[in-house]
Amino acid sequence: MVMLIFIYSTCLVLVQRVEAADPDPLVDFSANATTPVFRNIFVNGDVSIGSGGVRAALDIGKFPGLTSEGLTVVQFKMVPCGENVPHTHPRATELLSLISGGPLQAGFVDTKGQAHIHILYPGDLIVFPRGLLHFELNVGTETAFYLSALNSQNPGTLDAAGAVLQLPERAAAIAFNQDIATVGALKSQRPYNEPPTLEAAKPGVCVPGQLISTTV
């Protein structure tokens, strides 16, 4: 009986691990794909243009070659003082590489509440563990061109601030330690960020090329 319980528990753990990731591919290359090449992501991808720059992503609808490969990619052109606002990817770990421009202030917060903030220069990479809150901010004077690879064909993006403000105002007020009127005002000014777009800082919040620090 003890051995049966052990075997059952082991199998359950293995099944949970398998379900936590994209399934393995069953074919070499998707039958729905006509080419393994995708041309000009900033024209033909899922493009969103915000005050902070341009974000261009892929999905299997745009690029069937990604089907069952367990990955996707997003490319960014972020203006100085633009931000990819704090968010999470519930189904993927992200690896970001700064190609040119910037520098970027980027980082994440772990489940102990510790912030891991770094300054990235061209050629640098940073990993954002799956499901953890993270962000990127261009603290330099040049447009930052960078790309992110994620280990799921559908990683999902959850806008952190926008998600909290979708809660009942009382619940959000308690979370922010604010009164309901303040939360109501925030909700009217801050819609949920969908599709994900890059946002520019308001005047006085960020000055390009100044305060290039991990603490500000």
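Quick caveat: nothing in here was measured; it's all calculated off a predicted structure. Position 1 is the first residue of the sequence; numbering continues from there.
Listed here is the closest heavy atom pair of V183 and A172: CG1-CB, 3.8 Å. Among all heavy-atom pairs drawn from A163 and L158, the shortest one is CB-CD1, 3.9 Å. Among all heavy-atom pairs drawn from A106 and I126, the shortest one is O-CD1, 4.0 Å. When all heavy atoms of N151 and A92 are compared, the closest pair comes out as OD1-CA, 3.3 Å. Shortest non-hydrogen contact noted between P90 and R130 is O-NE, 3.2 Å. Shortest non-hydrogen contact noted between P36 and F63 is O-CZ, 3.4 Å.
Here R91 contributes atom CZ and S152 contributes atom OG; the two are 6.5 Å apart, rounded to the nearest 0.5 Å. Between atom CG of residue D179 and atom CZ of residue R170 there is a gap of 15.0 Å, rounded to the nearest 0.5 Å.
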Practice problem: Step by step, work out the side chain to side chain contact (heavy atoms under 4.5 Å, CB included) result for D46 and D59. | Solution: CA-CA 8 Å; D46 287 323; D59 59 39; 2.6 Å; yes
Practice problem: Mind running side chain to side chain contact (heavy atoms under 4.5 Å, CB included) on V127 and F108 for me, showing each step along the way? | Solution: CA-CA 9 Å; V127 63; F108 62 90; 5.5 Å; no
Quiz prompt | Chi angles and distances behind the side chain to side chain contact (heavy atoms under 4.5 Å, CB included) call for H89, H134 | solution = CA-CA 9 Å; H89 301 297; H134 60 280; 3.3 Å; yes
Quiz item: For Q153 and D22, what are the C-alpha separation, side-chain angles and deciding distance, and is it a side chain to side chain contact (heavy atoms under 4.5 Å, CB included)?
Solution: CA-CA 8 Å; Q153 70 180 34; D22 286 7; 3.9 Å; yes
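At distances below 3.5 Å, not a single donor-acceptor pair connects side-chain atoms of Q178 with backbone N or O atoms of I174. The backbone N or O of E142 sits less than 3.5 Å from a side-chain atom of N138, completing a donor-acceptor pair. Checked by atom type and distance alone, the side chain of K187 never pairs as donor or acceptor with a backbone atom of T182 at under 3.5 Å. Judged purely by atom type and a 3.5 angstrom limit, D124 uses its side chain to pair as donor or acceptor with the backbone of Y121. A donor-acceptor pair is defined here as one N or O able to donate and one able to accept, closer than 3.5 Å; no such pair exists between the side chain of D110 and the backbone of L132. When atom types are taken as modelled, the side chain of Q105 and the backbone of I212 share no donor-acceptor pair closer than 3.5 angstrom.
In this structure the side chain of V164 reaches within 4.5 angstrom of the side chain of F176, judged on heavy atoms. Side-chain contact between F128 and T93: absent, with no pair of heavy atoms (C-beta onward) separated by less than 4.5 Å. Within the 4.5 Å cutoff, the side chain of Y192 has no heavy atoms near those of the L165 side chain. Within the 4.5 Å cutoff, no side-chain heavy atoms of S97 are placed close to those of Y146. In this structure, the side chains of L104 and I119 stay at 4.5 Å or more apart for every pair of heavy atoms. Residues K62 and N44 have side chains not in contact (no heavy-atom distance under 4.5 Å, counting atoms from C-beta outward). Side-chain contact between L120 and P103 is absent, with no heavy-atom pair separated by less than 4.5 Å.
Using a 4.5 Å cut-off between side-chain heavy atoms of Ile, Leu, Val, Met, Phe, Trp and Tyr, with links allowed through other members, I49 and F42 fall into the same hydrophobic cluster. In the hydrophobic clustering of this structure, I99 does not group with L137; members are Ile, Leu, Val, Met, Phe, Trp, Tyr whose side-chain heavy atoms approach within less than 4.5 Å, directly or through other members.
Within 6.0 Å of the CG atom in N40, the count of heavy atoms belonging to other residues, nucleotides or ligands exceeds 12.
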For residues 64-85, please give each side-chain donor-acceptor pair under 3.5 Å, one per line with the distance, not counting sequence neighbours.
from: T67; atom 1: OG1; to: P64; atom 2: O; distance (Å): 2.8
from: T72; atom 1: OG1; to: L58; atom 2: O; distance (Å): 3.0
from: N84; atom 1: ND2; to: E136; atom 2: OE1; distance (Å): 2.8

Using residues 195-211 as the side-chain source, report each donor-acceptor pair under 3.5 Å to any protein atom, sequence neighbours left out, with the distance given to one decimal.
from: T197; atom 1: OG1; to: N193; atom 2: OD1; distance (Å): 2.9
from: T197; atom 1: OG1; to: E199; atom 2: OE2; distance (Å): 2.9

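For the disulfide (SG to SG under 2.5 Å) condition, no pair includes a residue of residues 96-138, sequence neighbours left out. Within the structure, the disulfide (SG to SG under 2.5 Å) test picks out no pair touching residues 92-132 (sequence neighbours left out). Applying the disulfide (SG to SG under 2.5 Å) test to residues at least two apart or on different chains, none of the pairs has a partner in residues 104-180.
Considering only residues two or more places apart in sequence or on other chains, H118 meets the ring-ring contact (aromatic ring centres under 6.0 Å, His included) condition with none of them.
Taking the charged nitrogens against the carboxylate oxygens, R190 and D159 do have a contact shorter than 4.0 Å, which makes a salt bridge.
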